[in-house]
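Taking it in order: structure first as C-alpha cells, then the write-up.
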Amino acid sequence: MAIPVIYQLITMVILMIIGVVLHKKNFLSLTNAKGLSIVLTRVAVPCNMVVLLQREYSPEIFKGFLMTCGATYLMCCIGALLFFIVGKAMKMQPKELGLFSGGGVYSNVIFMGQPLIMAMYGVEGLIFCVAVMFTCNVFLFTVCSVLFAMGSDLKKSALQMLKDAFINLICLSAIIGVFCFVNSISLPQPIFDVLQYSANTTVCLSMIYIGSLLAAANVREIFKDKKVYIFSFLTLIVMPIITKLICGTFMSGMALSVLVVLMGTPAAAALPSFADLYGNDEKRASEYAFVSTILSVITLPLVAQFLCQ
C-alpha cells in the first residue's frame, strides 16, 4: 500500500520544487501564488468535485458517502478538542490557541489528499474523498472560524457562519455532484469535458502553490521551534491513529481507509490566508503548513502501510 503513496508523494515533491524554483527566480511572487489559490478554490476544486461524482448510482456507495461525512465531522470535533487541550497545557495565548486547534484539523485534504487517494484506490475511492472534502469545508467555516477568531474582534454570527459554510463554490459543487449521482444524471459531453480539463489542473497548480509558500519561509528559524513539531506529530500521526480506533468501530473497508489517510494529511496550504482573514498569525500558520508538509512525505506512507490494511 505504501508504494503508490511514495510514488505519488515523489511526484508532488517534484511539483513543489518547481514552485520553489519559480519563486526563487522571481517568476512567481506570493501575490501571484495567491492568484493560483483563487483559481484552485474557485474553479479547479469545484469542477473536480462534480466530475468525481459523475458515476452510476449505488445505494451502498451513497450510504458509505453519508457515513463518511458524519465520521469526518466527528473526527474534526475530536481533533479540535485534542489540539485545544494540548495547547492549553502548553500555556498558549487565546489567539495562538485558536490557530493551533483549528489549524490542526484544517488539513490539506483538497490539494494533497485527492491525488493520494487516486494513487491508492483509483476512481472508486474518490467519492469518499469528496465526502471528506465537503465535510471539512463545512467544519472550516463553522467551528474553525470560531477558533481562528479567538482573541480578536473578527467574530461572525451563527447565521453568517452557516451561510459561509454552505453557500460557497466547494459546497455547492458537492451538492450538485451528489444530486447528479443520486439521480444518475450524466452531464453533456462538452460540459463534462470543460469540468474535466479544469479539474485536471488541481494537483499541478496546488503543489506549485505550496512550493512557492515554502520558498518564502525562513527554514532555519522554523525548525528551531518545538511547537511546530508537536503540531505536526498530532496532525500526521495521532489524528490518523485515533481515526482508525474510533471510526473502525462503525466503519470498514475503503471508506475507513480513505478517511484515515485524509486525517493524516498536513495542514492546508490555504491555512495562512484563512488565519489572516480572522486577524490571526499568518506567519505562524505558514510555519505549521510548511513543517507538516515536509514531514508528511515520511508519515503518509507509514499511515498507508500500517493503518490501511
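Basis for what follows: all heavy atoms, side chains included, without hydrogens, waters or symmetry-related copies.
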Quiz prompt | N-O pairing of Glu124 and Arg55 below 4.0 Å | solution =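 Yes, Glu124 and Arg55 are salt-bridged.
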Quiz item: Less than 4.0 Å between a side-chain N and a carboxylate O, is that true for Lys227 and Glu287?
Solution: no
Can you confirm whether [X] sits close enough to [Y] that some side-chain heavy atom of one is under 4.5 Å from a side-chain heavy atom of the other?
{"X": "Phe65", "Y": "Cys69", "result": "yes"}
{"X": "Phe139", "Y": "Tyr106", "result": "no"}
{"X": "Val291", "Y": "Phe231", "result": "no"}
{"X": "Val138", "Y": "Cys171", "result": "yes"}

Same apolar cluster: [X] and [Y], side chain cutoff 4.5 Å:
{"X": "Leu53", "Y": "Leu195", "result": "no"}
{"X": "Met90", "Y": "Val238", "result": "yes"}
{"X": "Phe290", "Y": "Val20", "result": "no"}
{"X": "Val109", "Y": "Leu147", "result": "yes"}
{"X": "Phe141", "Y": "Ile167", "result": "no"}

Between side-chain atoms of residues 172-192 and protein atoms elsewhere (two or more places apart, or another chain), which donor-acceptor pairs fall under 3.5 Å?
| unit_1 | atom_1 | unit_2 | atom_2 | d |
| --- | --- | --- | --- | --- |
| Ser173 | OG | Leu169 | O | 2.9 |
| Ser173 | OG | Ile170 | O | 2.7 |
| Asn183 | ND2 | Phe179 | O | 2.8 |
| Gln189 | NE2 | Asp193 | OD1 | 2.8 |

Quiz item: Where do Gln93 and Lys95 land on the side chain to side chain contact (heavy atoms under 4.5 Å, CB included) test, with the steps shown first?
Solution: CA-CA 6 Å; Gln93 295 301 311; Lys95 204 175 237 188; 5.6 Å; no
State the [atom1]-[atom2] distance between [X] and [Y], to the nearest 0.5 angstrom.
{"X": "Ile241", "Y": "Leu245", "atom1": "CD1", "atom2": "CG", "value": "7.5 Å"}
{"X": "Leu116", "Y": "Asn108", "atom1": "CG", "atom2": "CG", "value": "9.5 Å"}
{"X": "Thr68", "Y": "Met251", "atom1": "OG1", "atom2": "CE", "value": "4.0 Å"}
{"X": "Ser29", "Y": "Leu22", "atom1": "OG", "atom2": "CG", "value": "11.0 Å"}
{"X": "Asn48", "Y": "Ser198", "atom1": "CG", "atom2": "OG", "value": "10.0 Å"}
{"X": "Met120", "Y": "Leu300", "atom1": "CE", "atom2": "CG", "value": "9.0 Å"}

Quiz item: Are any side-chain N or O atoms of His23 and backbone N or O atoms of Leu28, one a donor and one an acceptor, separated by less than 3.5 Å?
Solution: yes
Quiz item: Looking only at atom types and distance, does a side-chain atom of Thr249 sit under 3.5 Å from a main-chain N or O of Ile246, one as donor and one as acceptor?
Solution: yes
List the atom of [X], the atom of [Y], and the distance in Å for their closest heavy-atom pair.
{"X": "Ser232", "Y": "Leu295", "answer": "CB-CD1, 3.8 Å"}
{"X": "Cys136", "Y": "Thr72", "answer": "SG-CG2, 3.8 Å"}
{"X": "Gly113", "Y": "Thr265", "answer": "CA-CG2, 4.2 Å"}
{"X": "Ala267", "Y": "Thr293", "answer": "O-OG1, 4.3 Å"}
{"X": "Ala285", "Y": "Leu99", "answer": "N-CD2, 3.8 Å"}
{"X": "Cys247", "Y": "Leu259", "answer": "SG-CD2, 3.8 Å"}

Quiz prompt | Single hit among Leu52, Val258, Val51 for side chain to side chain contact (heavy atoms under 4.5 Å, CB included) with Leu126 | solution =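 Among the candidates, only Leu52 passes.
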Exercise. Apply the test side chain to side chain contact (heavy atoms under 4.5 Å, CB included) to residues Leu271 and Phe148: give CA-CA distance (whole Å), side-chain angles for both, the deciding distance (0.1 Å), then the verdict.
Key: CA-CA 10 Å; Leu271 180 60; Phe148 291 157; 3.6 Å; yes
Quiz item: What's the verdict on side chain to side chain contact (heavy atoms under 4.5 Å, CB included) for Leu97 and Lys88, showing C-alpha distance, side-chain angles and the deciding distance?
Solution: CA-CA 7 Å; Leu97 179 60; Lys88 269 287 190 182; 4.0 Å; yes
Quiz prompt | Phe128 and Tyr121: CA distance, side-chain angles, deciding distance, side chain to side chain contact (heavy atoms under 4.5 Å, CB included) verdict | solution = CA-CA 11 Å; Phe128 302 115; Tyr121 300 109; over 6 Å; no
Quiz prompt | By side-chain contact (heavy atoms from CB on, under 4.5 Å) - contacts of Val303 (at least two apart) | solution =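 Result, side-chain contact (heavy atoms from CB on, under 4.5 Å) vs Val303: Pro240, Val260, Leu307.
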Output a table of donor-acceptor pairs, distance under 3.5 Å, between side-chain atoms of residues 73-87 and any protein atom two or more places apart or on a different chain; print 'none' if there are none.
| unit_1 | atom_1 | unit_2 | atom_2 | d |
| --- | --- | --- | --- | --- |
| Tyr73 | OH | Thr142 | OG1 | 3.4 |

Exercise. Answer yes or no: are there more than 12 heavy-atom neighbours, outside Tyr197 itself, under 6.0 Å from its atom OH?
Key: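 No.
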